[in-house]
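In the text below, chain A, chain B and the rest are named by the order of the sequence lines, each starting its count at 1. All values below were derived from every heavy atom in this structure, side-chain atoms included, with hydrogens, water molecules and symmetry-related copies excluded.
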Protein chains: 2
Amino acid sequence: MTATITDVARLAGVSMKTVSRVLNNEPNVTAKTRERVQAAAAELRYRPNLSARGLASSRKFLLALLYDNPSAEYIAAIQAGATEACRKRGFHLVVEPIRVPNGEITTELEVLLQRLPVDGVILTPPLSDMNALKDVFDDVKIPYVPIAPSEETKAKVPSVGMDDITAAEEMTQYLISIGHKDIGFIVGAPDHSASHLRKTGFLSAMKAAGLDVPQNRILQGDFSFESGKACAQKLLAGADRPTAIFASNDDMAAAVLSVAGKKNISVPNDLSVAGFDDTALAGVIWPPLTTIRQPIHDMGSRAARMLINGVTKTTEDIPPLMLEHNIIVRASTAPPARQS
Amino acid sequence: MTATITDVARLAGVSMKTVSRVLNNEPNVTAKTRERVQAAAAELRYRPNLSARGLASSRKFLLALLYDNPSAEYIAAIQAGATEACRKRGFHLVVEPIRVPNGEITTELEVLLQRLPVDGVILTPPLSDMNALKDVFDDVKIPYVPIAPSEETKAKVPSVGMDDITAAEEMTQYLISIGHKDIGFIVGAPDHSASHLRKTGFLSAMKAAGLDVPQNRILQGDFSFESGKACAQKLLAGADRPTAIFASNDDMAAAVLSVAGKKNISVPNDLSVAGFDDTALAGVIWPPLTTIRQPIHDMGSRAARMLINGVTKTTEDIPPLMLEHNIIVRASTAPPARQS
DNA sequence: GTGAAAGCGCTAACAT
DNA sequence: ATGTTAGCGCTTTCAC
């Protein structure tokens, strides 16, 4: 059998409670006693039983990551960050893909949350924006941290994110700076607030440069490769096409590349293409994508840390944690060969 | 407060134990009693406490997925399959990325396993092949199912996988059938047994067709995009180059595409490229990749099911579960324009 | 077919 | 600074 806390206590010649104190780094233990207990625990290869801990206290040493199938790369990065933060503090991460059909919280989700023995939940877009979720979480009393939520949500609960508007502005400014005047823009999924913010950034930078943006240069996508393809097909249909396309994520930018390839439009000579996210995909396609590096990994680890540290439990207002971004220039963008 | 089993028992007018029986689908309960209990549980919105369950019994309702950073897409697919199977049976999935430096099991891993309160573990390549792991798992008495393990491991423990040799043969035969005679092959990471099997399949199909494979047509990669790039650069260096390249996974095939793009070698006109896995990447790059569809998602769900059903606990020999594959022909392959 | 009692391994609250 | 006593919510004997 594996050793229990009483075994350790016996070997160390102290009480159960003292062992517990040492294990949980609580005060009121002599350095000497502490050492003795640690030695005993090591000797018996003692590992605390998480179920017992979870039952006796309310700490479960478990966090959950809820996601609604955005890009696999995006989730993988969040997950990597979160597991890293968890590992350092003895926590584990449970992953829960959930589909929220037409924005309706399902009973399924409520049931899931009620029986999920976790100390906190990380929410990814578009889940991070769902107002109805706040009530559900408050109801089951589980702290949560939304990643990249809307301005509205940001005001209510601690969150982590980045400055999508500024990032989109910077990319647009860069495209303008190398000579583009006619730039197409592919919008992300409407239920992600980042979509609106990025569009806002694009428009504001265009306006600031005195550049006009006709209606037909703005197309609605949903962050999927397929949607990017459909938008690119429209944007690249006739002779009157933009000299650059800025897509709201890398998947859609890859789709633009794919459509351009099929139409024998050379990138970046005849068309510049920019993405957003800097997922692994960006470096792996040809030509490699100019994009915005989002600190996705960090978002995951910071969200996990906030939950573990109990930041979300304080009543004070915690300002949203905004992480840095960078613009990454690769081979998919260049000055335009022709003026439109 | 959330309702407990005693609340349900009181409301249903039965004992705790009877409620427990109903919840766990145990026999010896009248249909009538069963209904009454279920009604009471529903009314109180009762959710069993997993920590308490885990403490009282040995069932934790938790499975773990251990992985050592192969492609994000690959892990995402396994994870999707596993979570799906878990959801259906009231289980949850804990994810644990682990690095196993130069094939050495670390104490860190042992400690992790000892304190991880799970009913079973899913192992992905290259972890699935590590002989030392068997001892560790036997030691901590946690059942595990390796995905795509070596022949050696297959003989010892229940596992899920596919027929890598036949799949590689089929792809090679397809390339030969459309006219290729000079085919380059990029091998996967040496510590993945699938790498050897795929190479074996390639060579055997070439031999069966009476085709010679010079040494310089076989290059060693490691499944990463970068390694694929290095191999492609060698393969495509001079005028004496193959008319087709078969890479052992999609990431490396994408790298071949990328190098070809840079060198202005047109795919599939001047060069055919085939991959293996059919990850999301394959359909997203230009041109879309001819590849082998691996049932990765299914592998994840079958592995989870085996663990949940306790298949791995029986002493009988369970034959490895071999799942079907398909060859997916897309635009990256075509008959060769020139004969080499 | 059903129930009563005894823990599972740990921590919380209260001694000492 | 350390120990004692109760549980946490459930499943497991073993009675009935």
Q.
Strictly under 4.0 angstrom, non-hydrogen atoms only: write out the protein contact profile of nucleotides 11-16 of chain C, one letter per nucleotide from the 5' end, B, S or -.
A. BBB---

Q: Rounded to the nearest 0.5 Å, what's the gap from CZ on Arg89(A) to CZ on Arg87(A)? Could you check?
A: 13.5 Å

(Q) Looking at every non-hydrogen atom in both residues, tell me the closest pair between Ile122(A) and Gly300(A) and how far apart they are. (A) CD1-O, 4.1 Å

Q. Using a cut-off of 4.0 Å on non-hydrogen atoms, how would the nucleic acid contact of Asn49(B) be classed: base, sugar-phosphate, or nothing?
A. sugar-phosphate

(Q) Using a strict heavy-atom distance below 4.0 Å, which residues from residues 32-43 of chain B are in contact with DNA chain C? (A) Thr33(B)

Q: Using atom CZ of Arg47(B) as one end and atom P of dC10(D) as the other, report the distance to the nearest whole Å.
A: 12 Å

**Q.** Partner set under side chain to side chain donor-acceptor pair (under 3.5 Å) for Ser51(B), not counting sequence neighbours
**A.** none

Q) So which pairs with a foot in residues 16-27 of chain B pass salt bridge (Lys or Arg N to Asp or Glu O under 4.0 Å), sequence neighbours left out? A) Lys17(B)-Glu26(B)

Q: Report yes if at least one side-chain N or O of Thr30(A) is closer than 4.0 Å to OP1 or OP2 of dA1(D); otherwise report no.
A: no

Q) Between atom OG of Ser301(A) and atom CD1 of Ile296(A), what is the distance when rounded to the nearest 0.5 Å? A) 12.0 Å

Q: Take atom CG of Leu55(A) and atom C1' of dT11(D), then tell me their distance rounded to the nearest Å.
A: 12 Å

**Q.** side chain to side chain donor-acceptor pair (under 3.5 Å) contacts in which one or both residues fall within residues 153-162 of chain B, not counting sequence neighbours
**A.** Ser150(B)-Thr153(B), Glu151(B)-Lys154(B)

Q. Can you name the side chain to side chain donor-acceptor pair (under 3.5 Å) partners of Ser57(B), sequence neighbours left out?
A. none

Q | Point-to-point distance, once rounded to the nearest 0.5 Å, from OH of Tyr46(A) to OG1 of Thr4(A) | A | 7.0 Å

Q.
Quick check for you: among dG9(D), dG3(D), dT2(C), whose closest atom lies nearest to any side-chain atom of Thr4(B)?
A. dG9(D)

